[in-house]
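Report on the following structure.
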Amino acid sequence: METTIAAISTAMSASGIGIVRMSGPESMDVISRIYRSKNGGKNIKEVKSHTIHYGYIFDGEEVVDEVLVMVMRAPRTYTGEDTVEIDCHGGVYAMKKVLETVLRNGAQIAEPGEFTKTALLNGRMDLSQAEAVMDVIQAKSAVALKSSLQQLKGSVLRAIKEIRSSILYQIAFIESALDDPEHISLEGYPEKLRKIVDEEYEKVETLLKSADDGRMIQEGIKTVILGKPNAGKSSLLNFLVGEDRAIVTDIAGTTRDTLEEYISLHGISLRIIDTAGIRETEDVVEKIGVGKAKKMAEDADLILYVVDSSLPLDENDREIMELLGGRKSIVIYNKTDLESAVDIKELKEKTGSPVIPVSVVEETGITELEETIKKMFFHGEISFDNEVYITNARHKTALEEALESLKMVRESIETGMSEDFFSIDLMSAYESLGKIVGESVGEDLVNEIFSRFCVGK
Amino acid sequence: MEGKRLEKNCDVVVVGAGHAGCEAALAAARLGMETVMFTVSVDSIALMPCNPNIGGSSKGHLVREVDALGGEMGKNIDKTFIQSKMLNKSKGPAVHSLRAQADKQAYSTEMRKTLENQEHLTIREGEVTRLLAEEGNIKGVELYSGAVYWCRAVILCTGTYLKARCIYGDVSNATGPNGLKAANYLTDSLKELGIEIFRFKTGTPARIAGNTIDYSKMEEQFGDERIVPFSFSTDPESVQIRQKSCWLTYTNEKTHEIIRSNLDRSPLYSGVIEGTGPRYCPSIEDKVVRFADKNRHQVFIEPEGLYTNEMYIGGMSSSLPEDVQDAMYHSVPGLENAKIVKNAYAIEYDCINPRQLYPTLEFKNIKGLFSAGQFNGSSGYEEAAAQGLIAGINAAMKLKGQEMLILDRSEAYTGVLIDDLVTKENHEPYRMMTSRAEYRLLLRQDNADLRLREKGYRVGLIDEETYQKTLEKERAIEAEIKRTEHATIGGTPEVQRLLEEKGSTLLKSGTTIAELIRRPELTYEDLAPIDRDRPDLPWDVTQQVEINLKYEGYIKRQMKQVEQFKKLEAKKIPEDLDYEQVGSLRIEARQKLEAYRPVSIGQASRISGVSPADISVLLVYLEQYRRKSTKES
C-alpha cells in the first residue's frame with residue numbers, strides 16, 4: 001500500500017543463492033543507497049528498466065554481498081510498482097544480511113501475501129485470484145503471529161514487556177502532568193527521565209545484539225549431538241561453546257531455553273539440542289536414552305554423531321547409526337589423541353557421512369568440523385524453516401526503530417526541549433516494541449494515566 | 001383531541017439549549033435553515049451546571065477550533081470571563097492551552113442574546129417527548145403538549161437531562177442539573193427507533209458562600225498578566241480586564257478519615273448509582289479510596305461569577321450524604337466555618353452508544369437525525385460545543401444537498417474527539433485529552449485559524465473578509481520564514497555580544513537568522529537588534545514563524561505520518577457493503593465492522609478487534625467490488 005516492501009522471495013535453503021525482492025515507490029531510492037557497481041561509477045537510479053547489473057551491496061562501508069540487481073520500473077512489473085530484485089550469491093547468511101540492509105534503508109518487511117495483494121490492487125492480476133489472495137493473507141497472518149510468539153523466547157518476551165511498561169509509565173506521567181498542570185509538576189523530571197531512557201536504551205541494545213547472533217528467537221540449524229556415554233559429547237559441546245568464536249546463550253529462562261545452546265559459526269547459527277539427559281539415564285534403562293535420542297534426531301536438521309575412537313564399535317553405536325539413516329549428519333571421530341580402535345573407512349561406509357577426526361583434548365580437527373558444516377549449509381544440504389529468519393528480521397527492525405526513538409528522546413532532553421516532545425518519541429518506542437510481542441497501543445496510555453495518577457478536577 | 005393540535009413546519013429542530021444545542025442551532029440558522037431550538041427552560045440556555053470555567057488542557061484547543069470554524073463559544077467567553085490563564089506555558093507550544101473563569105450568569109445571558117438576535121432561529125420552551133420517523137427518515141418531533149413540529153432534520157443535544165436523577169446519600173431526586181426538570185419520555189421513543197442507550201454518571205461539588213471562607217489559609221491563584229483572548233476575532237486589547245482570583249487549599253488526613261468512615265453510606269459503593277462515571281473526574285471519595293497513599297488532595301476555590309458570592313469547590317465532588325459532606329468540607333483549611341449553599345451530588349442520565357453515528361454525527365439508521373454533546377457519551381462544555389457545531393453544520397449541509405463536513409484526526413482535536421466517539425469502545429463519559437491527539441504538534445491552539453478558517457468559509461460560517469485576512473496571515477508567515485532563511489549574519493561584535501548575553505554559543509562562521517531562531521535559548525524577539533531588515537509584523541505572525549522554525553524537525557516528521565494516515569482515510573468504504581460477503585474476514589472482525597460500519601479503511605483500522613490482516617482482506621475485497629461495479633455500470 002504505497003509503502004515500499006521487501007522480502008526474501010526464494011526458499012532459504014537450496015543452493016545458497018536467493019533473491020531479495022523489493023517493491024514500492026521508494027525501491028529505487030533504497031537500492032541506490034546500498035548498491036555500488038564494481039568501479040563505483042554506475043548510478044543505479046538512472047539505468048534502463050528491465051536490466052540487470054552486477055555489483056555489491058554495502059551496509060555503510062562494509063560489503064554485504066556480491067550481487068546481481070534487476071531493475072524493473074512501474075507499471076510493467078508483477079506488482080505494478082517499481083520493483084528491484086537482488087540476486088544474492090553469498091549464501092543464506094549474506095541473503096539475510098542483504099534483507100536487513102534493505103530494511104534499514106527505508107523498506108518495510110512484507111506482510112504475508114503482500115506482493116500479491118499489491119499486484120491485485122494495482123490491477124496487475126485477474127480478479128479470479130482475489131478470493132485465494134484473501135484466504136492466503138488471513139491464513140498466513142495467523143500462522144506468522146503464532147510462530148512469531150512461539151519463537152520468541154520466554155525471557156525475551158518478559159524483557160520486552162518490562163521495557164514497555166517502564167516506558168508507558170513515563171509517558172503516562174508526562175501526559176497527566178500536561179493534562180493537569182496544576183496538580184502534577186514536572187520539575188526536575190528531564191534529568192530523571194534521562195537516566196531511565198539510558199537504562200532502557202541499553203536493554204534494547206542488548207536485545208538487538210542477541211537478535212544479531214540468533215539468541216533472540218529460536219533461529220538456527222537444529223543440531224543434535226548423539227553418541228554413547230563418555231564418547232565426548234559434552235566436551236565437544238563445551239569446546240564449541242567455550243571458544244571465543246562461539247557464542248553461548250546467557251539468557252536464562254524457560255525450560256525451552258535451558259535445553260538448548262546457540263552457537264554461531266562463520267555467521268551460521270546452530271541451535272544445539274543438548275542430549276546430556278541421555279547420558280544421565282544410562283544407569284537406568286539404556287533403551288530410554290536411545291528412545292529420547294531417536295525423538296530428537298527425528299526433527300533435527302543436522303546430527304553430530306560423536307564416536308569414541310579408542311573403543312570398538314558396539315551395539316549402542318549400531319543403534320545410533322540406524323538413526324542416522326537418511327539424515328544429514330557428520331561423524332566426529334573423537335579422541336584421536338588415544339590409540340585407535342575404530343576404522344575410519346568402515347565408519348564412513350556404514351554411515352555414508354563425512355567423518356572428521358577430532359581431539360577435543362588436543363584441540364585438533366575443530367576447524368575441519370566447522371568448515372564441513374559451513375560447506376553443507378552453503379550447498380543447501382542442510383537448511384531450516386525460513387519463517388524463522390523473517391520473524392527475526394521483523395523483530396530486529398522493530399528493535400532498531402525503538403532504539404532510534406529512544407535516541408531522539410535523549411536528544412530532546414539534551415537540547416532542552418520541553419517534556420511534551422519526549423512523550424511523542426517514547427510513544428513511538430512503545431509502539432515499535434509492541435510489534436514484537438504482538439500488542440498494539442489501543443487505550444493503553446489512557447488506562448495507564450487513570451490507574452496510576454490522580455488527575456481531574 | 002384528535003386532529004386538534006399545534007402543528008408547525010421548519011427545517012431543523014434542535015433539542016436542548018446547552019453548549020451543544022446553542023452551537024448547533026446557531027450554525028444551522030446562520031446557514032439559512034429555519035431552526036427551532038427546544039429547551040425545558042429558557043432560563044437554562046448555555047447553563048454551566050458544573051465548573052465555572054471554559055477551556056483547559058486540550059479543551060482550550062476545542063474552543064479555538066469552534067471559533068475558527070465560525071462557532072460562538074470563544075466569542076461568548078471573551079465577553080464574560082473574569083480570569084484567564086494560558087496553561088502549560090513552560091512547555092511546548094502544542095500543549096499551551098487557554099482556560100478562563102466565567103461569570104456563569106453573564107455567559108448564559110450573553111449567549112441567550114446572541115441566539116435571540118439570530119435570524120432564522122426560534123427559541124421555544126417545551127419538552128420533546130417523541131421523534132417522528134418514517135422508513136428510516138426523520139420527519140419531526142412531538143412535544144409533551146401534543147404539538148408537532150415537522151422538519152427535515154433533528155439534532156439531539158439533551159445533555160444530562162434524559163431520565164436524569166440527582167443523588168447524594170440516600171436522597172435521590174428525579175431532576176436534571178440544578179434542580180431543573182428532567183426529560184423522562186424521549187428515551188423510550190429512541191429505543192422504539194432501535195437506538196442503543198447507555199447510562200452514564202457524573203458529579204459536581206458543593207457551592208459555598210464566599211464571605212464565610214477564610215482565604216488567609218489558602219494560596220491565591222492569579223490570572224495571567226497579559227490576557228490572550230479565545231476568539232481569533234476578539235481584539236486582544238479589549239480583554240485586558242481586572243481579574244478575580246481563585247484560591248488553592250488542600251484536604252487532609254482528617255478529611256480522608258471522615259470519608260473513609262462513611263464510605264458504606266455512599267450511593268456509589270452501596271450500588272444505588274448504576275451509571276458509569278468518568279475516571280478523569282473522580283469524586284473525592286473515589287480519590288481517597290483509589291489513591292490511599294496520598295495524604296492530601298488539592299482543592300481549588302473558584303468564583304461562580306460576579307453576580308454571586310458562591311464559590312465552586314473544585315476537586316471535591318461527592319455523592320456522600322449531606323451530614324458527611326458538611327463535616328468533610330469543614331475539615332478543609334479555610335472552610336472551617338464556611339456555609340454550604342448547595343450540596344454536592346452525582347447525576348445519572350441516559351445517553352447513546354455513539355458508534356451508532358457516522359463521523360458527520362448523523363445516525364446510521366435514521367437519516368436526518370443528528371446528535372451532539374453529552375448525549376453522545378462525551379463530557380464537558382467544550383466537547384459538547386465542538387460536536388454541536390459540527391452537527392449543526394452537517395444538518396444544514398445535508399438539507400442543502402452539499403457535502404457534509406468531517407474533520408479527520410490530523411486536522412483538529414474536534415476530529416479526534418468525534419472519531420474516538422464513533423470508532424472506539426466508549427464506557428465512560430469521554431473527555432478530550434492532549435494525549436489522545438497523535439498529531440498534536442500540528443493541532444496547536446495557536447494555529448486553529450490556519451487549520452480551519454478555510455473549512456468554515458467553505459461551509460458558509462466564515463465571511464469573505466475574515467477568510468481573506470487568514471490567507472493574508474498565511475502569506476505573511478511564509479514570506480517571513482523565507483526571509484529569515486536567507487538573512488545571513490556574521491560574527492560581528494554586536495552579534496557576539498547579544499549571543500553571549502543570551503547564553504548562546506558564539507558564532508565561528510556566518511549563519512542565518514532562521515538558524516539562530518532554531519537555537520532553544522533564543523527567540524525571534526531576542527534577535528530583533530541584529531536582524532536589520534526585519535519587517536514590522538503582527539505578533540500572531542511572528543509567533544507562527546518562530547514555532548515553525550524552532551520545531552521544524554518534529555513538525556515535518558508528524559506531517560510525514562499524516563501523509564500515510566491520509567491515504568487510508570481516503571479509501572472510502574461503500575455505505576451498503578455487506579460484510580457477510582467478505583469471506584476471509586475473521587468472525588470477530590466481521591461483527592465489529594458490521595456494528596460500526598466505518599466510512600473509510602482508516603476508520604476500520606482503528607476499530608478494536610480488526611487486525612491488519614483483516615484490513616488487507618478488506619482492501620482486496622473493495623478492489624474486487626470496485627471492478628465489478630464499474631463493469632456493471
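Below, chains carry the letters A, B, ... as their sequence lines are ordered, and counting in each starts from 1. All of these numbers come straight from a predicted model, not from anything done at the bench.
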Residue [X] excluded, over 12 heavy atoms near [atom1] under 6.0 Å:
| X | atom1 | answer |
| --- | --- | --- |
| K566(B) | NZ | yes |
| R76(A) | CZ | no |
| E187(A) | CD | no |

Would you check if [X] and [Y] make a side-chain contact, meaning some heavy-atom pair closer than 4.5 Å?
| X | Y | result |
| --- | --- | --- |
| M433(B) | L178(A) | no |
| H183(A) | F300(B) | yes |
| R626(B) | L121(A) | no |
| S435(B) | D179(A) | yes |
| Q564(B) | T3(A) | yes |
| Y554(B) | S412(A) | yes |

Side chain from CB out, backbone as N, CA, C, O: work out which of these in [X] comes under 4.5 Å of a heavy atom of chain A, or both, or neither.
| X | result |
| --- | --- |
| K85(B) | side chain |
| R519(B) | neither |
| D286(B) | neither |
| S97(B) | neither |
| L441(B) | side chain |
| E428(B) | side chain |
| T434(B) | both |
| Y551(B) | side chain |

Chain B heavy atoms under 4.5 Å from [X]: which part of the residue, side chain, backbone, both or neither?
| X | answer |
| --- | --- |
| S423(A) | side chain |
| E175(A) | side chain |
| A177(A) | backbone |
| I171(A) | neither |
| L120(A) | both |
| I174(A) | neither |

To the nearest 0.5 Å, how far apart are [atom1] in [X] and [atom2] in [Y]?
| X | Y | atom1 | atom2 | value |
| --- | --- | --- | --- | --- |
| S616(B) | M134(A) | OG | CE | 11.5 Å |
| F450(A) | R431(B) | CZ | CZ | 7.0 Å |
| E131(A) | S584(B) | CD | OG | 6.5 Å |
| E623(B) | K117(A) | CD | NZ | 12.0 Å |

Taking heavy atoms only and a threshold strictly under 4.5 Å, list by residue number the residues of residues 415-422 of chain A that touch chain B; give 'none' if the list is empty. T415(A), M417(A), S418(A), E419(A), D420(A), F421(A)

Look at E438(B), R436(B), K294(B) and state which one has the largest set of heavy-atom pairs under 4.5 Å with chain A. R436(B)

Specify which of M432(B), E521(B), R440(B), R586(B) makes the most heavy-atom pairs with chain A at under 4.5 Å. R440(B)

For residues [X] and [Y], report the shortest heavy-atom separation together with the two atoms involved.
| X | Y | answer |
| --- | --- | --- |
| E182(A) | Q298(B) | O-NE2, 2.8 Å |
| M125(A) | R627(B) | O-NH1, 3.2 Å |
| A613(B) | I137(A) | O-CG2, 3.8 Å |

Basic-acidic side-chain contact under 4.0 Å: R279(B), E448(A): no

